[in-house]
S.K.: 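Take a look at this one; I'll ask things after.
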Amino acid sequence: QVQLVESGGGSVQAGESLTLSCSASYTDGPVCMAWFRQSPGKDREDLASISTRAGSMFYRGSVKGRFTISLNNARNILYLKMDSLKPEDTATYYCAADYSYPCNVPNRPSKPYAHWGQGTQVTVSS
């Protein structure tokens, strides 16, 4: 059984930084872990993913250059460091894990993730 628990969300001012954590519990490590976010009325957005074995990182969309994904394999904690936050980054942030699809398969964003956390809220004010 896989459990993912996000933490670190909160309210910040535009331009500030915040680091989210996702504590993972599992028997065997997944092949790919990722961060998503969703705002009310918007589709869920794939932000970044990391191959748990190779450590390769993949970024998508508007967070490239501002967000950094990392994984502490020894402690099973996934991180998302968010710099230069903008009001449009306001959302609920989720971590996800999958055993079936590696991060680097073609068209990975269209492939599902089997396991999800409950989310942590990030609010950025101007």
Side-chain angles (χ1 to χ4, degrees):
Q1 186 175 359
V2 177
Q3 288 188 325
L4 303 173
V5 179
E6 302 96 335
S7 62
S11 297
V12 297
Q13 297 287 319
E16 293 183 343
S17 299
L18 201 61
T19 297
L20 306 181
S21 301
C22 173
S23 296
S25 299
Y26 43 69
T27 302
D28 297 314
V31 295
C32 182
M33 298 187 74
W35 284 100
F36 289 75
R37 69 184 179 190
Q38 188 166 24
S39 304
K42 294 186 178 181
D43 292 335
R44 186 172 59 197
E45 182 181 5
D46 183 342
L47 302 176
S49 59
I50 186 166
S51 299
T52 59
R53 293 169 176 77
S56 303
M57 296 167 284
F58 305 86
Y59 296 93
R60 294 174 243 288
S62 63
V63 305
K64 286 182 180 179
R66 295 192 299 124
F67 291 9
T68 303
I69 190 171
S70 62
L71 176 65
N72 185 323
N73 264 317
R75 299 179 62 191
N76 293 348
I77 302 177
L78 181 71
Y79 298 99
L80 184 70
K81 185 175 186 300
M82 306 184 292
D83 295 319
S84 303
L85 283 163
K86 306 174 182 179
E88 51 264 43
D89 293 319
T90 295
T92 301
Y93 286 70
Y94 300 90
C95 68
D98 195 64
Y99 288 82
S100 299
Y101 298 101
C103 292
N104 61 348
V105 297
N107 205 20
R108 182 59 176 91
S110 71
K111 303 291 193 288
Y113 283 83
H115 306 281
W116 293 85
Q118 82 291 347
T120 185
Q121 177 67 35
V122 173
T123 302
V124 184
S125 56
S126 57

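Only this structure's heavy atoms are used, side chains among them; waters, hydrogens and symmetry mates stay out. Positions are given from 1 along the sequence.
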S.K.: Mark yes or no for whether Ser51, through its side chain, and Pro102, through its backbone, hold a donor-acceptor pair below 3.5 Å.
M.R.: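 No, because the side chain of Ser51 does not come within donor-acceptor range (under 3.5 Å) of the backbone of Pro102.
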
S.K.: Quick check against the 3.5 Å criterion: does Gln38 have a side-chain atom that pairs as donor or acceptor with the backbone of Ala91?
M.R.: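 Judged by distance alone, no pair lies under 3.5 Å.
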
S.K.: Using a cut-off of 6.0 Å, state whether more than 12 heavy atoms not belonging to Asn107 lie near its atom CG.
M.R.: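 Counting neighbours around CG of Asn107, more than 12 heavy atoms of other residues, nucleotides or ligands fall under 6.0 Å, so yes.
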
S.K.: How long is the gap from OG on Ser70 to CG on Leu78, to the nearest 0.5 Å?
M.R.: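 Nearest 0.5 Å value for the OG-CG distance: 7.0 Å.
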
S.K.: Any link between Val105 and Met57 through a network of hydrophobic side chains (Ile, Leu, Val, Met, Phe, Trp, Tyr) touching at under 4.5 Å?
M.R.: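 In one cluster with Val105: Met57, no.
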
S.K.: How many angstroms lie between OG1 in Thr68 and OH in Tyr79, if you round to the nearest 0.5 Å?
M.R.: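 Output value for this atom pair is 14.0 Å.
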
S.K.: Do side-chain atoms of Thr120 reach the backbone of Ser7 as a donor and acceptor pair under 3.5 angstrom?
M.R.: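 A pair under 3.5 Å: no.
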
S.K.: Do Lys111 and Asp98 sit within salt-bridge range, that is, some charged N less than 4.0 Å from a carboxylate O?
M.R.: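 Asp98 and Lys111: not salt-bridged.
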
S.K.: Which heavy atom in Phe58 sits nearest to a heavy atom in Cys103, and how many Å separate them?
M.R.: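 It is CE1-CB, 3.5 Å.
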
S.K.: Any donor-acceptor pair under 3.5 Å linking the side chain of Arg108 with the backbone of Tyr101?
M.R.: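 Checked: pair present.
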
S.K.: Are Leu85 and Leu47 in one and the same hydrophobic cluster, where Ile, Leu, Val, Met, Phe, Trp and Tyr link if side-chain heavy atoms are under 4.5 Å apart?
M.R.: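 Yes.
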
S.K.: Please report the closest heavy-atom contact between Cys32 and Tyr113, naming both atoms and the distance.
M.R.: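 The answer is SG-OH, 3.4 Å.
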
S.K.: Looking only at heavy atoms, which two atoms of Asp83 and Ser17 are closest? And how far apart?
M.R.: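 Scanning both residues, the minimum pair turns out to be OD1-OG, 2.7 Å.
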
S.K.: In the structure I gave you, are the side-chain heavy atoms of Val122 and Met82 within less than 4.5 Å of one another anywhere?
M.R.: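 Yes; the side chains approach each other to less than 4.5 Å.
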
S.K.: Which distance, rounded to the nearest 0.5 Å, do you find between the SG of Cys22 and the CE of Met33?
M.R.: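 Spacing of SG (Cys22) from CE (Met33) equals 4.5 Å.
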
S.K.: Where the side chain of Glu6 meets the backbone of Cys95, is there a donor-acceptor pair that is under 3.5 Å apart?
M.R.: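 At least one qualifying donor-acceptor pair exists.
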
S.K.: Specify the closest pair of heavy atoms between Thr52 and Asn73, including all atoms of both residues, with the distance to one decimal.
M.R.: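 Closest approach of Thr52 to Asn73: O-ND2, 3.0 Å.
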
S.K.: Any side-chain donor paired with an acceptor under 3.5 Å for Arg60 and Ser49?
M.R.: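 Their side chains do contain a donor-acceptor pair, which is all the 3.5 Å distance test asks for.
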
S.K.: CG/Leu20 to NZ/Lys81 distance, rounded to the nearest 0.5 angstrom?
M.R.: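 Going from the CG atom of Leu20 to the NZ atom of Lys81 covers 11.5 Å.
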
S.K.: Please check if Val124 and Leu18 belong to a single hydrophobic cluster, counting links between Ile, Leu, Val, Met, Phe, Trp and Tyr side chain heavy atoms closer than 4.5 Å.
M.R.: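 Same cluster: Val124 reaches Leu18 through Ile, Leu, Val, Met, Phe, Trp or Tyr contacts under 4.5 Å.
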
S.K.: For Arg66, is there any backbone N or O sitting under 3.5 Å from a side-chain donor or acceptor partner on Tyr59?
M.R.: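 Flag not set: sc Tyr59 to bb Arg66 has no pair under 3.5 Å.
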
S.K.: Rounded at 0.5 Å granularity, tell me how far CD in Gln3 sits from OG in Ser23.
M.R.: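 That separation rounds to 11.0 Å.
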
S.K.: Is Tyr99 reaching over with its side chain to a backbone N or O of Asp28, donor-acceptor style, under 3.5 angstrom?
M.R.: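 Yes; at least one donor-acceptor contact below 3.5 Å.
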
S.K.: Are Gln121 and Thr90 close enough that some pair of their side-chain heavy atoms sits under 4.5 Å apart?
M.R.: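 Touching, per the 4.5 Å side-chain cut-off.
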
S.K.: So which heavy atom on Ser100 is nearest to which on Val31, and how close?
M.R.: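 Heavy-atom minimum between the residues: N-CG2, 4.3 Å.
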
S.K.: Can you confirm if the aromatic rings of Phe67 and Trp35 lie within a centre distance of less than 6.0 Å?
M.R.: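 No; Phe67 has its ring centre 6.0 Å or more from that of Trp35.
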
S.K.: Looking at every heavy atom in both Phe36 and Ala96, which two are closest together, and how far apart are they?
M.R.: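 Smallest heavy-atom distance, with atoms named: CE1-CB, 4.1 Å.
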
S.K.: Measure the OH-CD distance between Tyr93 and Glu45 for me, rounded to the nearest 0.5 Å.
M.R.: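 One gets 8.0 Å once the value is rounded to the nearest 0.5 Å.
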
S.K.: Could you check if a side-chain atom of Arg37 sits within less than 4.5 angstrom of a side-chain atom of Val63, using non-hydrogen atoms only?
M.R.: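 Yes. Closest side-chain heavy atoms under 4.5 Å.
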
